[in-house]
Amino acid sequence: MRVSRLMLVTLRDDPAEAEIPSHKLLLRAGYIRRLSSGIYAYLPLLWRVLQKISTIVRQEMDATGALETLLPQLQPADLWERSGRWAGYTAGEGIMFHLTDRQGRELGLGPTHEEVITTLAADLLRSYRQLPVNLYQIQTKFRDEIRPRFGLMRGREFIMKDAYSFHGDEDSLKQTYAAMDQAYRRIFQRCGLRTVAVEADSGAIGGSASQEFMVTAEAGEDLILASADGRYAANQERAVSLPPEALPLPSEPGAGGAGAPLSTPGQTTIEQLCGAHGFEASQLVKVLLLLARFADGQVQPLLISLRGDQQLNAVKLANAVTARLAPTHGALLAIDPLTAELVRSEKLALDLSEIPFGYIGPDLDDAVLAKTPEAMGLDLSARPGEAPGGVAAAHPPSVRLARSFLRLADTTAADLAAFVCGANAVDRHRVGASWTGLGLKPEALDLRAAQSGDRCLHDPDQCLQAARGIEVGHIFQLGRKYSEALEARFTNESGVDEALWMGCYGIGVSRLAQAAVEQHHDRDGICWPVAIAPFEVIVVIANTQEAAQVELAEGLYDELSAAGIEVLLDDRSERAGVKFKDADLIGIPWRVVVGRGAASGQVELVRRAGSEKLELPASSVCARLEIEISRGRAGMPAAG
RNA sequence: CGGGAUGUGGCGCAGCUUGGUAGCGCACUUCGUUCGGGACGAAGGGGCCGCAGGUUCGAAUCCUGUCAUCCCGACCA
C-alpha cells in the first residue's frame, strides 16, 4: 500500500477530547474518529489492526476446538425476562439499548449473548454425546454505558469476542475453563501485551469462578492487588487480605458491655473522634446506612458495621445483599447511601430527621424506619416507576419499603471484643461496648476493601501491592444459572434430563487494540508490536525527486511485498522530516529509509521501538526483515 | 443521574470582562525557492461564532432556555 493512497490524515496537536496517551495517539495518527460519545469509526489503519487481533483470537480459539458462529444482535425481551435480567439490564442504570418494534414487541440490542446462546443450546444439545461444546463469535456489542470514556476503552459500541461452552458436568466445565485460561495467555502474549491474570468478581454475568486478564498500564480503570511472589493477584473488587491487627481498647467491656457514655459534641467523623479522645481508628465501629432497591420494587434499608479503619467494598456488599434478597425480590438495581435527598427523589415514606447521622451505633432501632413524613406534607401518591408525564412504564413496580434494617457487619468489626461506637443520640458515643452488650449478634462477613500494604492470606509475610490495569479479557464458570432459567437440558448417560453446565469467555478486541497502544508508545507516537501492527514495514523515500531513491524504493517495496511482508511505501512528495514524523506517529515497527545512499545501493533500517539505526545494502534488507518479522509475528521480541 | 468544565473554518486556540460587522497557528489550493526529523516566501479558498429565544440601533460578546462534548462517581470487554 502506498501512503499517498491511504487517506492518511495525521494531526499535529492533541485533540481536546482525548485525555490518555492511547486515545490521543489513535486520533492523531488517523486510526479512529468519534461519531458520538462512545461511538467510533475504525479507520482503515485500525481495521487492519483489529483484523490481525481477530485472526490471532480465531487461531487460538480454533486450536482448542471451539466453533465460530455469529449470533443475532437484536434480541427479544422475553428471552431476557426468562433469564431474569431484562429489568436489571434496562431499568435503572441498566446498560441495554432497547426498542419497540412495529408490533409493539420489545427488543434489546445485544450487550452480551448468554440468553441467545443458551436458547440455541436448549434447542440443539440433547445428548451427553454432543458435549462439551464451545461456541464463539467476534462481533459488535452494544452497551449504553453510564459513562463512555477514553475512546475505545469504554465505548457504547465495541468489538468483542465472546465464547460460551456447554458441559455435562462441572469437571468438564473446569477443563474448558482451564483451556480458555491457557488460550487467553497465548493470545495476549502473541499480541505482544504484558498482562496479568487476576481473580475477579463475576458481576452481573453471574456464576462462580472468574478471572480477568489485565493489561498493566497507568491509565487502567481497575485496581489490581498482587503479592510480590506472584502467587496472588486479584481485582480490588474481589481481593481478600489479612486486615491490620486492631489495637485493643485499654478497658475491657464494662458491666453488660453496653459501653460507657462519652460526650462527643460535633465529632461526627472517625478523625475527629480519634483526635479528640486519642482513640485508634481500629478501636471504632462505624455504621453506614444504605438503601438497596430491587427489580420488584422492594426497598431495603441496610445497616452496615465496619471497623473504623476499614473501607467498604461496594461489590462485596452488593453480592451479599443479592445473595440474601434477590431470590425473593429479583435483581438488585442499586445501593445508595440513605440520604434525605435520596428519600426525596425516590418519594419514600420515610422521615430521616430523627436519625442521628454521625452518631449512629450498630444497635440503631428499627423504629426510626417507622416514621413517615406526613408532617412534612409530602405527596406520596406519586410512585417511582412511572415515566414523566404520567405514562406508566412497561412494568411499573409498586414500591414497598421494608421497615427493618438488614444488618451486616464486616468480620473486622464483628471480631472486636470491645469498641467505641455511636450512641444513637446526637453528640454522644459509647466506649467499651460489645456486641452481646448491645444485644446484637451481627451477621459477620467480608465486606472490607483490601488495600495496598495489607498482608496476604496465602503468606502473611507477603504484602499486597497495587497496580492499575485495563481489563481485556474475562473468563467465567457460569454453572447452571442460565441453563436452568432457560431450560437448556440434555439427557445424560443414565437417560436422565439435567441442566447444562456453562462457561463464558470474553475478549474486548477493540479495547485490546487501544490497550496495546497504551502499553506500547513513546513521545513520538505508537510502537505497535509486529503481530498486530497495521503494516510491518514502511519504506520511506527521503526525496521523491531523486530518481535513484524512487527506483530503489519501488524495487524494495515489490521485493518485500512478494516475500509476504506487509509493507507501506511512503511515496508522498513531502519533506523527509514529515515522513519520519508520520512513520513514528502511526507506529510501523520497521522503517527502511531510502535516501542519500540510494545511488550506491545503501539504505537505512530502523526499528520503531528502539533507537538503533543500521546501514545496509538494499539487497540484504528483505532477508533480514523476514527473520525479524517472523519473530515478531510469533509474539517474540526483536532479535536486536 | 449527580458534581465540574468547554462549545468560534478539518485540528489547536485568541476575541467575550468593557456589545460596533471575526482573528492567529496548523492543515488545504496555486506559484516560486528549498529538500534526512513536522521548511520559507507570495497569493488564495473555507466560519449558521453549538442551537433557540430575548435585550439592543447593533450580539461571538449581555440574559434565558436547550443541545452536545469532555472530566470526577455508579457500569464493564
Side-chain angles (χ1 to χ4, degrees), chain A residues 9-20 23-24 27-28 30 33-39 57 88-89 92-96 111-112 138-163 184 200-205 212-215 221-222 235 237 314-315 318 333-337 339 341-342 345-346 470-476 504-515 524-525 540-546 549 573-585 591 593-598 604 606 613:
Chain A
V9 178
T10 57
L11 306 173
R12 292 200 187 198
D13 300 308
D14 287 333
E17 71 187 54
E19 201 71 15
I20 62 173
H23 188 195
K24 290 177 182 173
L27 284 164
R28 276 189 60 205
R33 278 291 141 106
R34 182 177 58 76
L35 202 61
S36 174
S37 177
I39 303 177
V57 168
Y89 267 71
E93 293 183 340
I95 54 158
M96 183 154 58
T112 177
I138 299 174
Q139 88 174 167
T140 297
K141 292 280 182 284
F142 300 91
R143 293 186 187 172
D144 193 0
E145 292 288 345
I146 299 161
R147 183 147 97 87
R149 240 197 298 210
F150 303 149
L152 306 182
M153 286 296 192
R154 181 172 300 283
R156 296 196 292 168
E157 182 181 319
F158 61 98
I159 299 175
M160 177 172 170
K161 187 283 303 183
D162 48 330
Y184 273 38
D201 181 74
S202 38
I205 305 286
E212 290 168 336
F213 294 84
M214 298 285 192
V215 170
E221 292 186 275
D222 290 276
N235 193 314
E237 294 175 345
V315 173
L333 298 182
I335 295 182
D336 298 298
T339 60
E341 195 181 336
L342 182 71
S345 65
E346 293 292 310
I470 301 162
E471 183 190 351
V472 291
H474 199 160
I475 59 176
F476 304 79
C504 80
Y505 318 94
I507 291 178
V509 172
S510 46
R511 177 184 284 181
L512 189 156
Q514 186 170 338
D524 294 318
V540 175
I541 307 173
N543 186 340
T544 51
Q545 290 174 356
E546 297 287 336
Q549 294 185 17
S573 58
E574 295 286 348
R575 294 163 62 89
V578 171
K579 290 188 270 198
F580 295 155
K581 287 285 185 191
D582 276 345
D584 287 348
L585 183 59
R591 185 174 88 210
V593 182
V594 182
R596 291 184 185 122
E604 186 180 281
V606 186
K613 292 181 180 177

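Every value quoted in this text rests on a predicted model; they were computed, and no experiment measured them. Residue numbering restarts at 1 for every chain, and letters A, B, ... go by the order of the sequence lines.
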**Prompt:** Rounded to whole angstroms, how far apart are CD1 on A:Ile335 and C1' on B:G73?
**Reply:** 15 Å
**Item:** Inter-nucleotide C1' distance (B:G23, B:C16), Å rounded
**Value:** 14 Å
**Asked** Rounding to the closest angstrom, what is the interatomic distance between B:C49 and B:G53 at atom P?
**Response** 13 Å
**Asked** When you measure from the side chain of A:Arg591 to the backbone N and O of A:Val540, does any donor-acceptor pair fall under 3.5 Å?
**Response** no
**Request:** Identify whether NZ of Lys or CZ of Arg in A:Arg143 sits under 6.0 Å from the centre of the six-membered ring of A:Phe158 and within 45° of that ring's axis.
**Result:** no
**Fill in**
Atom CG of A:Leu152 and atom C1' of B:C76 are separated, to the nearest Å, by 15 Å
**Request:** Give the rounded distance in Å between these two atoms: CD of A:Glu221 and C1' of B:A77.
**Result:** 11 Å
**Prompt:** Please give, in whole Å, the distance from B:C76 C1' to A:Lys161 NZ?
**Reply:** 16 Å
**Request:** Report the nucleotide, chosen from B:G12, B:C75, B:C72, that has the shortest atom-to-atom distance to any side-chain atom of A:Arg154.
**Result:** B:C75
**Item:** Pairing of A:Lys141 and A:Asp162 as salt bridge, 4.0 angstrom limit
**Value:** yes
**Request:** Tell me the partner of B:C48, counting only Watson-Crick (N1-N3 plus N6-O4 or O6-N4) or G-U wobble (N1-O2 and O6-N3) with both under 3.5 Å; none if nothing fits.
**Result:** none
**Item:** Paired nucleotide for B:C57 [Watson-Crick or G-U wobble; both distances under 3.5 Å]
**Value:** B:G20
**Fill in**
Scanning all shown strands, the Watson-Crick or wobble mate of B:G25 with both distances under 3.5 Å is B:C11
**Message:** When the P atoms of B:U64 and B:A22 are compared, how many Å lie between them, rounded to an integer?
**Reply:** 27 Å
**Asked** Does A:Tyr184 use its side chain to pair, donor to acceptor, with the backbone of A:Ile475 at less than 3.5 Å?
**Response** no
**Message:** Using the P atom as the point on both nucleotides, what is the distance between B:U69 and B:G37, in whole Å?
**Reply:** 42 Å
**Message:** Roughly how many Å apart are B:G20 and B:G32, using the C1' atom of each and rounding to a whole number?
**Reply:** 41 Å
**Prompt:** What distance, rounded to whole Å, do you find between the two P atoms, one in B:A60 and one in B:A52?
**Reply:** 12 Å
**Asked** Nearest of B:C70, B:C11, B:C75 to any side-chain atom of A:Glu17?
**Response** B:C70
**Asked** Does A:Arg149 come within less than 4.0 Å of A:Glu221, counting only side-chain N to carboxylate O?
**Response** yes
**Request:** Pick the C1' atom in B:A77 and in B:G15, then give their distance to the nearest Å.
**Result:** 45 Å
**Item:** Complementary nucleotide for B:A77 - Watson-Crick or wobble, under 3.5 Å
**Value:** none
**Prompt:** A:Tyr184 near the nucleic acid: base, sugar-phosphate alone, or nothing, with a heavy-atom cut-off under 4.0 Å?
**Reply:** nothing
**Asked** Does any non-hydrogen side-chain atom of A:Val593 lie less than 4.5 Å from one of A:Lys579?
**Response** no
**Complete:** Heavy-atom contacts, protein to nucleotides 35-42 of chain B, under 4.0 Å, summarised as B (base), S (sugar-phosphate only) or - (none) per nt, yield BBBBB---
**Asked** Across all strands shown, which nucleotide pairs with B:U69 by Watson-Crick or G-U wobble geometry, both distances under 3.5 Å?
**Response** B:A5
**Asked** A:Arg149 side chain N/O closer than 4.0 Å to the phosphate oxygens (OP1, OP2) of B:G73?
**Response** yes
**Which residues share a salt bridge (charged side-chain N to carboxylate O under 4.0 Å, His left out) with A:Glu145, sequence neighbours left out** = A:Arg154
**Request:** May I ask you to say what A:Asp162 touches in the nucleic acid, namely base, sugar-phosphate or nothing, with a heavy-atom cut-off under 4.0 Å?
**Result:** nothing
**Message:** Heavy atoms only, 4.0 Å cut-off, all strands: where does A:Ile146 land among base, sugar-phosphate and nothing?
**Reply:** base
**Message:** Both A:Ser510 and A:Ala16 contact RNA chain B. Taking the nearest nucleotide for each, which residue is further toward the 5' end?
**Reply:** A:Ala16
**Item:** A:Gly155 or A:Gly38, whichever maps to the more 5' nucleotide of RNA chain B
**Value:** A:Gly38
**Request:** Measure the distance from CD1 on A:Ile95 to P on B:C1 and round it to the nearest whole Å.
**Result:** 17 Å
**Item:** Integer-rounded Å distance: B:C1 C1' and A:Arg147 CZ
**Value:** 13 Å
**Asked** Quick one: CZ on A:Arg12 to OG1 on A:Thr10, what's the gap to the nearest 0.5 Å?
**Response** 8.0 Å
**Message:** Partner lookup for B:C31, please. Criteria are Watson-Crick or G-U wobble with both distances under 3.5 angstrom; report none if nothing qualifies.
**Reply:** B:G41
**Side-chain heavy-atom pair A:Met96, A:Asp144 within 4.5 angstrom cut-off** = no
**Prompt:** For A:Ser37 and B:A68, is the shortest distance between a side-chain N/O and OP1 or OP2 below 4.0 Å?
**Reply:** no
**Message:** Taking pairing as Watson-Crick or G-U wobble with both contacts under 3.5 Å, can you name the mate of B:G36, or confirm there isn't one?
**Reply:** none
**Asked** Using atom C1' of each nucleotide, how far apart are B:C70 and B:G50 to the nearest Å?
**Response** 15 Å
**Prompt:** Hey, does A:Met214 have a side-chain heavy atom less than 4.5 Å from the side chain of A:Val472?
**Reply:** no
**Request:** Let me know the distance between CZ of A:Arg33 and P of B:G10, rounded to the nearest Å.
**Result:** 12 Å
**Item:** Nearest-angstrom distance from the residue atom CZ of A:Arg34 to P of B:G10
**Value:** 14 Å
